[in-house]
Amino acid sequence: HMASQAAAERTAVEMEPLKGEGEAGDDSPRSASTPHKALPPLKPAYKLDMVGVSVLLLLGIWWGPWGDMVLDGIPIPAAKKTLGILFCVSALWATEAVPLYITSLLIPLFTVMSGSLLPPSTECKPGDVACFTKRYTPYPPGVAAKEVCGQFFDPTVLLFMAGFSIGSVLEKQRISNLIASLLLRPFGNKPENVLLGIMSLGCFLSMWISNVPSSVLCVSISLPIIHQLPAGDPYAKALLLGIAFSNNIGGMTTPIASPQNVIAFAACEQVGCELTFTSWMMFSLPFCGVLLLATWALLRYRYPPQMHVLRLTDLTRDQPALKGSQILALTITVTTVLAWALWKPLQLEPLFGSMGIVGLLPVILFFSTGLLDREDFEKGLNWTVLVLIGGGLALGHVMERSYLLHIASSAIVTALSGAGLWVFMGAFAFLMAVVANFISSTVAAIIIIPVVAQVGKKLMKPRAMIIASVIMDSAAMGLPVSSFPNANSFGVKRAAVPEDDEESARVADKGKKPIPGNGASLLEVKDYMVSGGIVTCMALLE
């Protein structure tokens with residue numbers, strides 16, 4: 001009876017497509033014997049109100065009485081239209097008035113209809129009217145449609161697809177149990193210690209390799225733990241958010257930890273302030289160590305576990321010998337992770353062009369060898385999350401090409417003319433923290449870091465301003481689309497235990513999997529906006 005009761009309490013968590021939004025679980029602690037019930041969906045009237053507010057934001061910015069945004073004395077209508085799209089989709093993402101992935105599909109629609117996509121930036125000589133006209137003339141709808149829709153199958157999306165397929169095969173072949181058994185033993189059974197251990201592992205790995213493989217590995221380790229938690233236990237959210245945030249923090253620690261760090265390192269050299277590997281780490285290690293502990297404390301407070309001791313005996317006991325299918329899956333996974341980690345030393349870019357293309361190899365091999373099947377392709381690859389990421393990439397692409405970010409940077413410089421170092425540093429750090437939530441961290445660094453470097457040079461403190469800005473680039477964690485680790489954790493879905501206690505026990509007694517539920521993500525957008533927003537503010541204050 002005790003065994004069947006314990007089995008009925010568990011929540012099965014699978015990597016499967018998102019079937020509905022706004023129905024994720026309650027954060028509040030509850031009795032372990034109480035089965036999880038999804039929150040009721042938003043009321044239709046509330047949804048209509050939020051959609052109406054979002055549309056009013058869009059149309060108000062597009063057709064309001066204010067003029068076009070200006071760059072170097074030239075009005076750019078596309079920038080104002082892109083600002084309207086940004087406010088509209090941000091409101092829809094924040095309120096989830098419509099499913100997140102449907103909001104992503106609105107971005108190419110609005111972009112093409114409004115003529116917001118401009119050609120790539122070109123250098124024009126002063127007085128060259130033809131060049132400036134071509135530079136600020138929107139693409140025709142046909143060209144714009146092909147380019148903005150291409151963002152939904154960008155190599156970055158393929159990278160996410162590879163991460164989801166690796167997570168699926170490690171879970172299906174029970175390799176994640178083996179990894180967890182090796183890495184969790186030193187941390188014991190206390191939830192807070194296990195959380196700190198997984199966060200420390202994610203931070204350490206992402207110091208030296210891309211946060212793509214490191215976050216995939218950490219999520220795979222956490223899934224066997226989440227399987228064993230009581231239904232509705234907030235600790236599951238603490239684990240997933242801890243993995244995402246710790247991998248983001250790890251991306252700040254070394255100059256090679258992320259592309260934006262490399263850009264900042266090069267910018268320091270260009271303005272004549274030398275920055276060595278050692279000097280970077282002398283600052284970043286204490287900073288990131290304090291931020292990691294503060295984040296751990298925040299997650300412990302916001303998502304207290306229902307259990308004082310985790311039931312990890314099944315994970316930490318000796319595992320049986322590997323089967324042939326497990327060896328094959330592990331070989332493909334390790335080879336892929338090593339290719340990502342040694343991307344530059346092995347000089348793979350001339351051959352593959354992008355890490356996303358390398359990510360196609362495990363997807364092809366997993367499915368062609370039978371390690372994953374058609375059902376895994378439909379459910380395990382999290383297509384709704386991939387569409388969500390594609391929308392984020394499309395929005396970032398339009399923001400860059402419409403000169404919206406250039407105009408924002410120039411406006412800050414003009415508005416703060418004559419201000420001191422701390423004012424400029426705080427303003428650009430805040431701008432970076434906001435912008436990097438919506439566009440690629442690398443793109444944000446490419447656009448904003450050169451401006452920061454030149455302003456810092458005038459203030460005789462370029463190194464301080466560059467480091468502060470690039471740190472906030474990695475610290476932007478307020479949305480699921482803010483980074484790969486954020487989206488990877490958001491991709492973990494729930495299959496709810498049946499609502500009826502007797503039915504749950506009957507299913508568990510027969511050894512069957514719980515009846516699939518609504519497939520909603522364990523995490524909600526508000527978890528990122530609140531917890532991630534607090535972490536970003538802590539980084540800004542620190």
Side-chain angles (χ1 to χ4, degrees), residues 196 199-211 214 242 244-298 344 419-437 441-442 444-477 482-483 485 532 534-542:
L196 181 60
M199 290 178 66
S200 300
L201 176 65
C203 184
F204 177 78
L205 290 176
S206 58
M207 288 171 61
W208 310 106
I209 65 175
S210 165
N211 59 20
S214 62
F245 296 163
S246 63
N247 277 273
N248 290 330
I249 293 171
M252 310 174 189
T253 49
T254 66
I256 62 172
S258 59
Q260 57 264 32
N261 292 3
V262 176
I263 294 169
F265 207 76
C268 286
E269 293 182 356
Q270 292 173 359
V271 294
C273 61
E274 292 189 10
L275 185 64
T276 64
F277 199 100
T278 304
S279 61
W280 182 294
M281 293 191 66
M282 287 178 63
F283 164 79
S284 65
L285 285 180
F287 177 90
C288 294
V290 171
L291 185 59
L292 185 71
L293 291 174
T295 303
W296 171 66
L298 170 68
K344 289 188 177 180
L421 170 65
W422 290 105
V423 175
F424 271 106
M425 187 182 296
F428 276 104
F430 179 78
L431 173 66
M432 185 71 86
V434 173
V435 168
N437 275 301
S441 298
T442 304
I446 290 173
I447 294 173
I448 298 176
I449 290 296
V451 180
V452 171
Q454 294 303 320
V455 174
K457 187 176 182 180
K458 293 179 181 178
L459 298 173
M460 307 300 291
K461 294 289 183 180
R463 180 163 51 189
M465 287 195 59
I466 290 172
I467 291 179
S469 297
V470 78
I471 286 291
M472 293 312 301
D473 195 358
S474 296
M477 311 180 195
S482 299
S483 66
I534 292 174
V535 174
T536 301
C537 291
M538 290 192 300
L540 187 62
L541 292 174
E542 187 183 356

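Fair warning: this is a prediction, and the values are worked out from it, not measured in the lab.
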Novice: Which residues pass the side-chain hydrogen bond (donor to acceptor under 3.5 Å, both in side chains) test with Ser246, not counting sequence neighbours?
Specialist: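 None.
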Novice: Indicate every side-chain donor-acceptor pair of residues 422-433 with a distance under 3.5 Å to a residue at least two apart or in another chain.
Specialist:
none

Novice: Once side chain to side chain contact (heavy atoms under 4.5 Å, CB included) is applied, do any residues pair with Leu196, and if so which ones, sequence neighbours excluded?
Specialist: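 So Leu196 forms a side chain to side chain contact (heavy atoms under 4.5 Å, CB included) with Ser200, Leu293, Trp296.
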Novice: Do the non-hydrogen side-chain atoms of Ile471 and Glu542 ever get within less than 4.5 Å of each other?
Specialist: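 They are not in side-chain contact.
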Novice: Please list, chain by chain and in numerical order, all residues satisfying side chain to side chain contact (heavy atoms under 4.5 Å, CB included) with Ile534, sequence neighbours excluded.
Specialist: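 Partners of Ile534 by the side chain to side chain contact (heavy atoms under 4.5 Å, CB included) criterion, ordered by chain and then number, come out as Leu298, Val530, Met538.
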Novice: Give, for atom CG of Leu541 and atom CG of Leu291, the distance between the pair rounded to the nearest 0.5 Å.
Specialist: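 The CG atom of Leu291 is 11.0 Å from CG of Leu541, to the nearest 0.5 Å.
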Novice: Is Asp473 close to Met252 at the side-chain level, that is, under 4.5 Å between some pair of heavy atoms?
Specialist: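 Side-chain contact under 4.5 Å: no.
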Novice: Roughly how far, to the nearest 0.5 Å, is the OG atom of Ser474 from the CG atom of Asn247?
Specialist: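 Result: 11.5 Å between the selected atoms.
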Novice: Would you check if the side chain of Thr536 reaches a backbone N or O of Ala475 as a donor-acceptor pair within less than 3.5 Å?
Specialist: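 Such a contact is found between Thr536 side chain and Ala475 backbone.
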Novice: Between Thr253 (side chain only) and Gly250 (backbone N and O only), is there a donor and an acceptor less than 3.5 Å apart?
Specialist: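 At least one qualifying donor-acceptor pair exists.
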